[in-house]
Structure formats: C-alpha cells, structure tokens
2 protein chains.
Amino acid sequence: MELMKWLDDFTKRDWQYTRKGTVRIALVGLGWWTTDMVIPALKDSELCCTTTVVSSSKNKAMKIASKEATIEHAITYKEFHDGEARETYDAVYIATPNARHLEYAETAAKLGKGVLCEKPMEATVERAQRLVNVCDSNNVPLMVAYRMQTQPAIRRARELIDNGFIGKPVQAYGNNSQLLLNMFSNPDQWRLDSDLSGYGTSIMDLGIYPINTLRFLLRSDPVAVTAQTESFQEDFSDVPDERSAYTLTFENGTHAVCTASQNAYGDSQLKLTGTDGQIDLSPVFSGECTLELARSDTTAQIDFEDVDEMRAEFDYFADKLIRSEPPSPDGQHGLVDMRTMEAIYRAAHSGQVERIEQ
Amino acid sequence: MELMKWLDDFTKRDWQYTRKGTVRIALVGLGWWTTDMVIPALKDSELCCTTTVVSSSKNKAMKIASKEATIEHAITYKEFHDGEARETYDAVYIATPNARHLEYAETAAKLGKGVLCEKPMEATVERAQRLVNVCDSNNVPLMVAYRMQTQPAIRRARELIDNGFIGKPVQAYGNNSQLLLNMFSNPDQWRLDSDLSGYGTSIMDLGIYPINTLRFLLRSDPVAVTAQTESFQEDFSDVPDERSAYTLTFENGTHAVCTASQNAYGDSQLKLTGTDGQIDLSPVFSGECTLELARSDTTAQIDFEDVDEMRAEFDYFADKLIRSEPPSPDGQHGLVDMRTMEAIYRAAHSGQVERIEQ
C-alpha cells in the first residue's frame, strides 16, 4: 500500500547516493550557530568531518578545537587568507555576518575549495553576484545552505504538490518571527548593523525562509512584490525592518503573504492552499516540523522524528562533492532570493509594486 | 480560581442585559444564507421573532412562510416599499446583494424600523455613506451584521489581548477562502457581478472577515494598505479579485497580511503575534472556531461547544433595541471597512501603498 511506504520512508534521505567518502570541512565564523548547531551536527555526519576552524580570535578557535577530536587546526581569518592549513580541508562552510561571506568565498575559491555558504548569500545582490562569479571562475562548487530543503516534511510536501495534492496552487502564507534581543541581549550585533547584515534584518535573516521554501515547493519564482516595513525600537534604528509584511506574486500566479519580525514571539508557519487542498507546516523553520494535510474535507496530521537539518545539509553537500555532481541549491538559486529581497526592501521604500528581473 | 471561571463562562453571553421583550423581524432577501442559516437561527432566538419575509418572488416568500409558524406575512419587494405589513415588524434584516442594501434600508428608515444590515454594508463607500445618512436622519438604529463579533472565542481573544496576553501586538495573518463555484454551480450570480457586489468579490465577500475581526481584536483601524489581486477564470472576468493578497498597517503599528479567494480550498485562519505571545484562531469565520494560545513556551488549545453566531447576532441586536441602546457595530464602524476595502482595490489597481482617510 502506497501510504505504508510513504510513512515508512518519510524521513529517508532521498537525496543521498553515496555512503563512501569524507569531505573535510573548515568552518569559517564561530558564532553561536556554528558552535551550538553545526559542530554537534557534524560530529555524527556520514560524509563530513570538521578538521579546521577559522575565527577572528585565535584563542576562541583553539578553545573550540581543543574540545573536538577531529579539529586539528585552529586559525585566524588572516591565516585563512594566507592559505594556512589549506591541505587540511576540502571545502569551507561560511557562517560569518552576511557582508563578510564574499571575502572568505574568494579565498576559498582561489584555494580551489568547495564553498557551502550560509543564507542570505551576501549583504547585497551585487556582492552575491561577485560571490557566484568568483566560484564560477575558479571552477569550485558553490552551494547555499538552505537547510529547509533537506527537511523531510518539506520534501514530502513538495512531492504532494507535484502530484496534484492541493490542485492548482492559489495562495500561501509564511511567517518567521523571533525575539532577537532575548536570544542575544546585546543590541550591538551584526544583525542590527546594516553594514554587516545588508538591506535589513527581519527579511534578510528570517523572511528569506518562507521566500525560499515557497520557491522550492512551488518550483516557481516571485515576479512582483509589495511590502511594508517598520522599526520602532531604538535598537533597530539602523535597519528598516524590525517588522515586515510583504506579498509575493509568483510566476505561476500563486499569491503569497508573509510576515517576519525580529521582535515578536517566536513562531513559524508555512501554508499553501490550492483549488483542491491545503498543506500546512507549523512549526517549520525552527528545526522541528509538523505537516498537516487537508483535502476533500479530510485532514491528516503527520508527526515524525526530527532530523538534524544541518547534518543533512552537510551530507547533502558532501554527497554531491564526492560524486563530482554540481551541488544545488547553487549560487544562481541563491541570487533569486537576493533579488527578491532587494525588491521587497525597494517596495517598502517606494510604496509601489516592484517587479523582479530574474 | 480565575481559570475555572474563564472556562465556565467561555460561551456566556457577556453582551446580553435583558431577557424580556421581543423584536419582530422582517427578513429582506431570501437567499441561501437567510433560508438555511438565519431562519433556523431565529427559531430559537431569545429576543427575536421572524414575522415577515420579503422577496422578489411572492411564491418563494409564501412557500418559506408556510413552513414557519411565526411568519405570517410574505410580501414582495414592491409591497415592502409600499409599506405593506409595516405594523407586523419592528426591524428589518437586509441580506440582499450588496448593491441593493441601500434601497431597503431607505424604506425601512422611512418606516421608522431598525436596520440590521449584512456586511459589507453596500457596494461602494458612497452608497454605504448614504445608507448611514438615511438611518441617521430618520433616527432609526443601524447595526452591521458582523457575526464574528459575537463569536465567544473572538470575544475571549479580545479580552486576552486587552489584558496583555500577547504583549504589544506586532503582526497578524488572516485568510478566508472557499470554492464559490462548488457551493453555487451557476457562475451567473451576484457575487461575480460587479454591479451587484461592488468593488469585487473575494475581498468584499471574504476578505472583510479578517479586516473587521482584526479591527475588533486590536481596537485599532488600518491606515495604509498594499494589495495584489487577480482573476484567472472566465467566470471571474467581471471582478478583479478571484484571488487577493493584501497587507494592512494599523494605526497602532501592527502589520497584517491577508489572503482571500473565491476559488480555493475552504480555509479560515486568524493569527495575532505580539511581543509576548500568540493567539491563533483556526478555523474562525465558518461558524465553528478553535482558539490556540501560546505564551512563555506554553500552549493551550481551547475547544468549546459551537454557538450559533447568527442567533447571537440577532439577540445582540434585539438586546440593544429593547433597551433603547445604540447598537454596535454601527454604520460608522461599517464605513471604516468600506473605506479600507476601497483602498485595497485601489492599491491593487495603482500598485501603490494607499492611505486610508478614516
């Protein structure tokens, strides 16, 4: 019975084609995401191994390296640019502030290393384009770390949509909100500094999740947007979007409405309604995920064991590298999000519908 | 304990102040809503009694009257305008196509009858204003039938927000969608005829629910909107909004994003996120309602016995009439929705943020 197989294989790594080989990783940027989420995830990776850590502070890097058996090299950003320990890693993972991605990708590309770059790719479209160019011209693989695309519930939702489960997609809703200043009490941080974050904060840091996931689910890209953004609190005075609300019209006609906030109770939801049914993912962007399906007056709630999205992300990347396959989501894919977000900020500023040249 | 009382009184009619008296109602417009929802609701009303029905067709009216013991008068629209059976009712309920509300309100006002008018009040702001004026100048009470405002879950949600449950409101989401042509297979119907529906269909007929309910919950009105609307199918060619997506900025700074569609799987949700918590109503506009609360990493789901919103609506109206209190939501309240929707259609057309003069 198809349903049995569907449930049995729900969390199966349908993207993995090899179980052999190891990609040695240098982690560039040792913020909380890298230390608390990525290093633990990589410990149990099938295909990756952290060998090198790169930080502004030698001490911080050495302290982290001392706790992990596989990490034998702790170097500074300067040493990284100088090519130190280059023979100890095959690829880099870049998790620095947005506006610093380009410089580390440039060095990695020139050293011939693969690049797994956190999202958003960079602070601006122009810099993201340069990041793509430098990887292309040095012929190194570039993947953007959209961990949502490895989330089993999202992959199953995509298959359902492909198979007509919701009929013709009509409208969608996405939200991603958090209390940034409860997570990091210091307001003097890069997410609130436009020089480092880029166009803004709530859309660049949180709003990118529903945008990219909707593109992934719909296999369609946004062509027009409207937006309203606002910053109220003093701590958010350097960015236009402590909170944001935006609409996206996709090439296939689907309308999406989204909100994102760095100063609201934590919540994430993604809902897609078609002519024949509905798919609701809530929560969705926080690592855990619940899938609710509705069709013909019948609903189903699918719960399953959480997978570590970052572990999957790295193995996904490594699986492609080991097999010399071009990784995806690639730089061109990431550029679409950059152009979409730039258009959203432009729309909030102009008060007009902004079209996106993809 | 406060929680016990809160649960015990969840569906209590906190708006009812009298149990004595009867308001005799003439139902104007005998579409499916009146026949299937309103007449059954009024059978068990505490304070209302249907005595008269008014329709374009004498036969239809007589047929309906013959089935209900209390309905002794079945008259045509022409007879209604001529004042026939005027002594048999105290107030009228108007549930005709939007663009016909004004003419029946005019006659009712001139006959000195109270008016309970379905939402949206009329086809355009200008006609809605005339409807308000005629009731004012004849000194008859006018209430707009926002049944959501009698829904216990919405009233409890409002109290929670008033008491700071979600902290400072930040953002909201509303959806209301249905498959109109599955409900009424004839595409030749007033909701798809702009002469009768007004500015459009999905926002006028469905999108008004999240707009009005958010105003009720937030005690704040929208000041600016953006919108995207589209009609794809031939049957929707006379209206701009088979589907619609819009953002609202409220006076208190809350951002709301909404979708509405007359051609999508049935769904309704209203979610409000603040700095300290979240209130999620889903479903919400279809008569049944579930309330989900989240605060401090704790969630609660409140289920309760459905109340008949239309019965509550009529008793709410009658309670005010009997006590000679001005009813609310009144015409001025309804006008705010009319101006908001007009601005949304204007924004969809202009591609610009449109401000609302309230």
Side-chain angles (χ1 to χ4, degrees), chain A residues 166-175 177 179 182 202 224-230 232-233 242-249 253-267 269 271-280 282 294-297 347-348 350-355, chain B residues 166-175 177 179 182 202 224-230 232-233 242-249 253-267 269 271-280 282 294-297 347-348 350-355:
Chain A
I166 64 166
K168 218 176 140 60
V170 176
Q171 57 198 24
Y173 161 66
N175 178 54
S177 59
L179 286 162
N182 280 20
S202 69
V225 297
T226 74
Q228 303 198 59
T229 64
E230 211 144 358
F232 289 92
Q233 288 210 5
E242 174 185 337
R243 64 181 70 163
S244 55
Y246 45 103
T247 69
L248 308 158
T249 300
T254 308
H255 282 160
V257 295
C258 297
T259 43
S261 176
Q262 291 281 26
N263 196 16
Y265 189 78
D267 175 69
Q269 184 180 356
K271 188 166 84 172
L272 249 164
T273 310
T275 48
D276 300 337
Q278 186 171 68
I279 287 178
D280 194 354
S282 176
R295 197 180 144 83
S296 309
D297 293 325
S350 70
Q352 295 190 317
V353 171
E354 297 288 346
R355 316 260 152 216
Chain B
I166 64 167
K168 220 177 138 60
V170 175
Q171 57 197 25
Y173 161 66
N175 179 54
S177 58
L179 286 162
N182 279 21
S202 69
V225 297
T226 74
Q228 303 198 60
T229 64
E230 211 144 357
F232 288 92
Q233 287 211 5
E242 174 185 337
R243 66 181 69 163
S244 55
Y246 46 104
T247 69
L248 307 158
T249 300
T254 308
H255 282 159
V257 295
C258 298
T259 42
S261 176
Q262 291 282 26
N263 196 16
Y265 188 78
D267 175 70
Q269 184 180 357
K271 188 167 83 171
L272 249 164
T273 310
T275 47
D276 300 337
Q278 187 171 68
I279 288 178
D280 195 354
S282 177
R295 196 180 146 83
S296 309
D297 294 326
S350 71
Q352 296 188 314
V353 172
E354 296 288 345
R355 316 261 153 215

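Lettering follows sequence order; numbering is per chain, from 1.
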Greatest number of heavy atom pairs closer than 4.5 Å to chain B - which of Ala227(A), Ser244(A), Gly167(A), Ala256(A) |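 The candidate making the most pairs under 4.5 Å is Ser244(A).
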Choice from [options] maximising heavy atom contacts with chain A below 4.5 Å:
options                                    : answer
Gln228(B), Glu242(B), Gln352(B), Glu230(B) : Gln228(B)
Val225(B), Asp280(B), Ile166(B), Thr229(B) : Thr229(B)
Thr249(B), Asn182(B), Asn263(B)            : Thr249(B)
Lys168(B), Arg295(B), Glu354(B)            : Arg295(B)

Measure distances from Phe232(B) to the heavy atoms of chain A and classify the residue's part below 4.5 Å as side chain, backbone, both or neither.
->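 Just its side chain gets close to chain A.
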Engaged part of Ala294(B) at the chain A interface, taking heavy atoms whose separation is under 4.5 Å =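 Ala294(B) touches chain A through backbone and side-chain heavy atoms alike.
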Separation between [atom1] of [X] and [atom2] of [Y], rounded to the nearest 0.5 Å:
X         : Y         : atom1 : atom2 : result
Gln278(A) : Asn175(B) : CD    : CG    : 7.0 Å
Asp267(A) : Gln171(B) : CG    : CD    : 8.0 Å
His255(A) : Ser202(B) : NE2   : OG    : 9.5 Å
Tyr173(A) : Lys271(B) : OH    : NZ    : 3.0 Å

Tell me, for [X] versus chain B, whether the close heavy atoms (under 4.5 Å) come from the side chain, the backbone, both or neither.
X         : result
Ser350(A) : neither
Leu248(A) : backbone
Ala224(A) : both
Ser296(A) : backbone
Ala347(A) : neither

Indicate the atoms forming the closest heavy-atom contact of [X] with [Y], along with that distance.
X         : Y         : result
Val257(A) : Tyr246(B) : CG1-N, 4.2 Å
Thr259(B) : Ala172(A) : CG2-O, 4.3 Å
Val170(A) : Ser261(B) : CG1-OG, 3.7 Å

Please examine the side chains of Thr247(B) and Thr247(A), heavy atoms only from C-beta on, and report whether any two atoms are closer than 4.5 Å.
-> yes
